Amino acid sequence: MNDIFRKNAAEALTEAIAKAYPDKIEDICLAVKTNTQELADFIYNKLESPKDAKNGDYAFPTFILAKPLRNKPPEIAGNILEHLDKTVFTQTGPYLNMKISTQDAAEEVLSNIFSRQNNFGNEILDESKTIVIDFSSPNIAKPFGIGHLRSTAIGNSLYRLFEKLGYNVVGINHLGDWGTQFGKMIAAYKKWGDDEKLKVAPIDHLFDLYVKFHKEAETDQTLESEGREWFKKLEEGNQEAAELWQIFKDYSLQEFQRVYDLLGVHFDYYTGESFYNDKMDGVIERLQKAGLTKESEGALIVDLEEQGMNPCLLKKTDGATLYATRDLAGILYRHGAYKFDKALYVVGMDQQEHFKQVFKVIELLGEDFAKDLIHVSFGFIRFKDQAMSTRKGNIVFLNDVIKTAIEKVTNIIKEKNPNLPDLEKTAQQVAVGAIVFADLSVSKHKDVNFDWDEVLNFEGATGPYLQYTHARLSSLVHKYGLDISGDANFSFYNSPEEKALIMQLHKFGQTIRLAAGKYEPNIIAAYLLELAAVFNRFYQRKDNDGKLVKIISEDNPEETKARMLLVASVRIVMKEGLRLMGIEAPEEM
RNA sequence: GCGCCCAUAGCUCAAUUGGAUAGAGCGUCUGGCUACGGACCAGAAGGCUGGGGGUUCAAAUCCUCCUGGGCGUACCA
């Protein structure tokens with residue numbers, strides 16, 4: 001029961017129910033499958049917030065009591081109401097509504113924010129817990145496409161959310177730096193590669209080779225096997241292969257680093273697939289000892305037929321390993337190294353079967369932490385009507401998207417705020433904010449339609465809208481100039497707009513928990529949009545004559561003081577919320 | 001064929017996990033700048049929640065069948 005208001009409501013209701021129906025409590029508990037001690041918890045969880053603010057802040061639907069009490073919900077509500085404080089509770093039909101006074105809410109919420117600042121919403125765990133998050137994980141020697149943004153943005157946000165909830169978070173970039181594709185790249189480079197081009201524009205050149213290889217492979221059957229051979233050599237330590245691999249990897253990492261810097265993404269480890277190169281034999285051995293392996297069609301597999309799945313492939317006919325092998329090694333290694341309580345894999349939905357298999361194999365090994373392995377899957381980014389395919393060269397580069405967005409933002413700023421001091425930096429922050437927000441504002445299990453116009457539109461439900469609101473808040477604080485204090489007179493908060501703002505701020509903590517619990521950053525996005533909307537309504541509210549009610553009023557210093565506390569609180573939460581999404585909050589824009 | 005996911009306003013998405021009249025943004029139309037920042041705000045129009053059946057006091061949400069789309073379905077990752 002984290003929400004103090006809600007807790008009060010639940011306890012008052014529980015008590016009132018006990019008074020109204022003293023000899024029916026057991027029947028009620030029986031009907032809702034709980035016990036007397038936990039009845040308050042049950043009610044706590046049943047409380048809703050009414051859609052219409054005039055119905056109060058918390059509502060208890062009495063339908064669930066109808067059966068054990070053999071009565072109509074509205075009558076039940078009426079009976080319970082008799083034992084409640086009628087200045088706080090009201091009844092509308094079957095609902096019992098509780099209204100928090102704006103003053104009480106302000107005192108609780110605003111002083112909390114004022115004293116904790118950006119730590120507002122933080123939690124401290126009773127015992128330390130570690131969560132490993134595997135995210136981004138791009139393929140080396142492939143360009144960083146807009147498709148890779150999802151894993152990066154979601155993972156980065158989850159990293160920050162869990163950190164805020166008190167977890168010890170380990171962020172891992174499981175680079176795709178091993179596998180058959182490298183054989184293909186080496187083969188392609190040896191055939192068509194150009195040292196000069198590689199030096200000048202490494203990523204472009206590697207990308208061209210990648211596309212060319214797959215195009216040629218459609219007609220030339222020998223290419224695929226050539227690629228496989230080169231990978232085999234690479235795994236066996238062939239020097240020429242190893243050197244080329246290192247070059248590809250170095251160039252790609254440089255490129256990725258630029259993107260990560262731009263996005264403000266941090267990893268604790270860059271342990272990619274090649275890191276497990278020397279750990280796979282041990283894994284295979286362990287699986288063999290456990291009697292899980294089997295040879296089939298010349299390959300080494302773990303048969304999962306009994307589990308209704310396709311076999312998990314450990315070794316190809318030619319003896320080379322597969323990514324399942326490396327993921328298994330990764331899981332076992334991470335569990336040993338970090339003793340995680342949970343391990344998240346922020347990887348696209350198309351790999352669902354793969355993770356099901358791999359997690360099942362861990363379970364078959366008798367490791368009970370298999371239940372702590374979670375595939376946080378998400379839908380694709382779709383480009384217009386066609387799916388994006390790196391192999392066909394049909395890809396939108398994240399760099400190009402960012403570059404275009406920066407240009408557009410720069411033009412808008414030049415027009416709207418020509419004297420902005422740090423134009424370049426701000427334009428970058430806003431551009432990245434727009435792109436990241438566009439990605440994170442869609443529920444992760446849905447495909448995202450990538451639409452240039454939409455990503456570059458900065459009006460409405462967008463990152464720049466939130467940033468703009470933050471800039472406005474900051475501007476107010478600067479204009480006010482005086483110190484903002486936590487002991488304002490809360491009785492000045494008398495408008496519905498102020499009440500709505502305070503209650504929205506109050507929801508920050510539970511929103512973070514919800515978002516983290518569901519691995520859904522878009523819940524934060526929705527929360528911030530609502531916060532901004534509620535604030536902007538407050539900011540532009542008019543009196544009965546249609547005149548703007550300004551926040552800063554020289555005639556009413558005490559009232560201004562109270563309002564500025566609210567403004568400062570919203571600003572703190574907005575900035576922190578954006579941070580949780582991996583978005584910067586410039587003071588001016 | 002089998003498995004998983006998706007379908008809500010013209011478009012892009014929400015909906016407190018089963019609750020009160022399904023909400024936002026874009027686009028369209030109307031209004032608000034003698035501005036504490038108009039990347040904003042107020043209002044209007046726009047819905048058989050893909051379709052049928054079922055469970056329930058209550059279904060966009062749960063079950064079932066169907067339609068349409070996406071992804072996966074052992075030697076790519």
Side-chain angles (χ1 to χ4, degrees), chain A residues 46-52 55 59 61 63-64 66-67 72-73 92-95 97 137 139 142 176 178-181 184 224 227-228 273 296-301 304 308-318 320 322-324 326-327 347-354 356-357 377 379-380 382 387 391 409 412-413 416-417 430 438 441-443 445-449 451 453-454 457-462 464-465 467-469 471-472 474-476 478-480 507 510-511 514 518 522-523 525-526 529-530 532-533 536-537 539-542 546 548 550-553 560 567 588-589:
Chain A
K46 272 289 166 193
L47 291 179
E48 335 173 334
S49 32
K51 285 176 187 160
D52 194 334
N55 285 328
F63 305 102
I64 27 169
K67 211 168 262 179
K72 289 176 191 158
T92 45
Y95 289 91
N97 297 318
S137 309
N139 284 315
K142 277 201 215 175
W178 206 248
T180 312
Q181 70 207 357
K184 293 180 183 176
E224 291 278 351
R228 277 194 292 272
E273 295 190 47
S296 167
E297 297 173 30
L300 188 68
I301 67 163
L304 297 172
M309 283 182 243
N310 287 309
C312 180
L313 267 87
L314 302 172
K315 270 190 174 178
K316 300 196 277 190
T317 321
D318 66 5
L322 285 132
Y323 74 129
R326 295 186 280 278
D327 267 337
V347 182
M349 223 157 47
D350 52 335
Q351 293 193 35
Q352 190 179 70
E353 169 112 8
H354 161 71
K356 255 194 188 165
Q357 293 173 336
S377 70
F380 290 108
R382 213 160 281 290
R391 296 189 176 189
V409 172
I412 295 176
I413 294 178
K416 300 195 178 197
N417 197 356
V430 174
S441 59
V442 176
S443 171
H445 55 270
K446 287 197 180 189
D447 288 354
V448 173
N449 293 303
D451 182 342
D453 294 339
E454 214 154 301
N457 175 25
F458 308 133
E459 289 173 14
T462 63
Y465 168 56
Q467 290 171 317
Y468 176 73
T469 303
R472 243 182 188 175
S474 302
S475 173
L476 278 171
H478 292 138
K479 186 187 173 193
Y480 180 59
K507 287 179 189 149
Q510 66 208 52
T511 304
L514 186 66
K518 291 173 69 173
N522 91 305
I523 291 175
L529 285 174
E530 182 62 19
N536 282 319
R537 237 166 272 156
Y539 180 81
Q540 298 199 33
R541 78 187 198 280
K542 311 223 163 106
L548 186 72
K550 291 201 174 184
I551 289 170
I552 297 173
S553 152
T560 301
V567 166
E588 293 177 77
M589 61 187 269

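No hydrogens, no waters, no symmetry mates; every other heavy atom, side chains included, goes into these values. Keep in mind the model is a prediction, meaning the values are calculated, not measured. Quick note on labels: first sequence line is chain A, next is B, and so on, each numbered from 1.
Comparing atom distances between the Ile552(A) side chain and each of G19(B), C36(B), A77(B) picks out C36(B) as nearest. When each of G38(B), A42(B), G19(B) is scored by its nearest atom to the side-chain atoms of Tyr468(A), the top-ranked nucleotide is G38(B). For Ala59(A), whose side chain is taken as the heavy atoms from C-beta onward, the closest listed nucleotide among G3(B), C76(B), A20(B) is A20(B). With G37(B), A74(B), C6(B) as the choices, the nucleotide that has an atom nearest any side-chain atom of Lys446(A) turns out to be C6(B). Side chain of Lys51(A), nearest nucleotide from U16(B), A39(B), C40(B): U16(B). Of the candidate nucleotides A42(B), C76(B), A39(B), A39(B) has the atom lying nearest to any side-chain atom of Lys416(A).
Remark: Arg541(A) is not in phosphate contact with C41(B), judged by side-chain N or O atoms under 4.0 Å from OP1 or OP2. The phosphate of A77(B) (OP1 or OP2) has no side-chain N or O of Tyr323(A) nearer than 4.0 angstrom. Here Ser443(A) reaches the OP1 or OP2 of A14(B): one of its side-chain N or O atoms lies under 4.0 Å away. Within the 4.0 Å cut-off from OP1 or OP2 of A77(B), at least one side-chain nitrogen or oxygen of Arg326(A) is found. OP1 or OP2 of C41(B) lies within a sub-4.0 Å distance of a side-chain N or O belonging to Tyr465(A). Contact annotation: Arg472(A) reaches the phosphate of G38(B) (side-chain N/O to OP1 or OP2, under 4.0 Å).
Residue contacts shown for Glu588(A) include a base, since a base heavy atom lies under 4.0 Å away. Across all strands, Gly179(A) comes closer than 4.0 Å only to sugar-phosphate atoms, never to a base (heavy-atom distances). Residue contacts shown for Ser296(A) include a base, since a base heavy atom lies under 4.0 Å away. Nucleic acid contact for Asn55(A): base, since at least one base atom lies under 4.0 Å from a heavy atom of the residue. Among the protein residues, Val430(A) comes within range of the nucleic acid bases, having at least one heavy atom under 4.0 Å from a base atom. Within 4.0 Å (heavy atoms only), Met589(A) reaches at least one base atom of the nucleic acid. Residue-level contact check: Glu530(A) touches neither bases nor backbone, having no heavy atom under 4.0 Å from any strand. No engagement by Thr462(A) is indicated, since no non-hydrogen atom pair under 4.0 Å with the nucleic acid exists. Looking at heavy-atom distances under 4.0 Å, Lys479(A) makes contact with sugar-phosphate atoms alone, never a base. Across all strands, Lys507(A) comes closer than 4.0 Å to no nucleic acid atom at all (heavy-atom distances). Among the heavy atoms of the strands lying under 4.0 Å from Ile551(A) is at least one base atom, whether or not backbone atoms are also near. Among the atoms of the strands shown, base atoms are found under 4.0 Å from some heavy atom of Ala471(A). Using a 4.0 Å heavy-atom criterion, one finds that Leu314(A) contacts no nucleic acid atom at all. Within 4.0 Å (heavy atoms only), Asn97(A) reaches at least one base atom of the nucleic acid.
Between the side-chain ring of Tyr95(A) and the base of A20(B), a stacking contact exists by the 5.5 Å and 30° definition. Both stacking criteria are satisfied for Tyr539(A) over the base of C36(B): a centre-to-centre distance under 5.5 angstrom and an angle between ring planes under 30 degrees.
Comparing the C1' positions of G31(B) and G38(B) gives an interatomic distance of 14 Å, to the nearest angstrom. The separation of C40(B) from A24(B), taken at their C1' atoms, amounts to 16 Å, rounded to a whole angstrom. Comparing the P positions of C2(B) and C13(B) gives an interatomic distance of 29 Å, to the nearest angstrom. G25(B) and U61(B) have their C1' atoms separated by 23 Å, with the value rounded to a whole Å. Of the C1' atoms belonging to G72(B) and C76(B), the separation is 13 Å, rounded to the nearest Å. When the P atom is used for both A44(B) and C5(B), the distance is 39 Å, rounded to whole Å. With both ends at atom C1', the span from G51(B) to C11(B) equals 23 Å, rounded to whole Å. Rounded to whole Å, the C1' atom of G27(B) lies 11 Å from the corresponding atom of U12(B).
Residue Trp178(A) contributes atom CH2, which lies 15 Å from atom C1' of A77(B) at whole-angstrom precision. Atom CD1 of Ile64(A) and atom C1' of A58(B) are 13 Å apart (whole Å). When rounded to the nearest whole Å, the span between CZ of Phe63(A) and P of C57(B) equals 12 Å. Atom NZ in Lys550(A) sits roughly 3 Å away from atom P in C36(B) (whole-Å rounding). We find that NE2 of His445(A) is positioned 5 Å from P of C6(B), with the value rounded to whole Å. Residue Glu459(A) contributes atom CD, which lies 12 Å from atom C1' of G27(B) at whole-angstrom precision. In this structure, Lys72(A) places its NZ atom 12 Å from C1' of C57(B), rounding to the nearest Å. For the pair Gln357(A) CD and A74(B) P, the interatomic distance rounds to 9 Å; values are reported in whole Å.
In this structure A44(B) sits in a base pair with U28(B), meeting the Watson-Crick or G-U test at under 3.5 Å. Using N1 to N3 plus N6-O4 or O6-N4 for Watson-Crick, or N1-O2 and O6-N3 for G-U wobble, each under 3.5 Å, G23(B) pairs with C13(B). Both distances falling under 3.5 Å, in either a Watson-Crick or a G-U wobble arrangement, place C4(B) opposite G70(B). Pairing partner, G38(B): none, since no Watson-Crick or wobble contact has both distances short of 3.5 Å.
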Does Asn457(A) form a side chain to side chain donor-acceptor pair (under 3.5 Å) with Thr462(A)? I'd like the steps, not just the answer. CA-CA 8 Å; Asn457(A) 175 25; Thr462(A) 63; over 6 Å; no
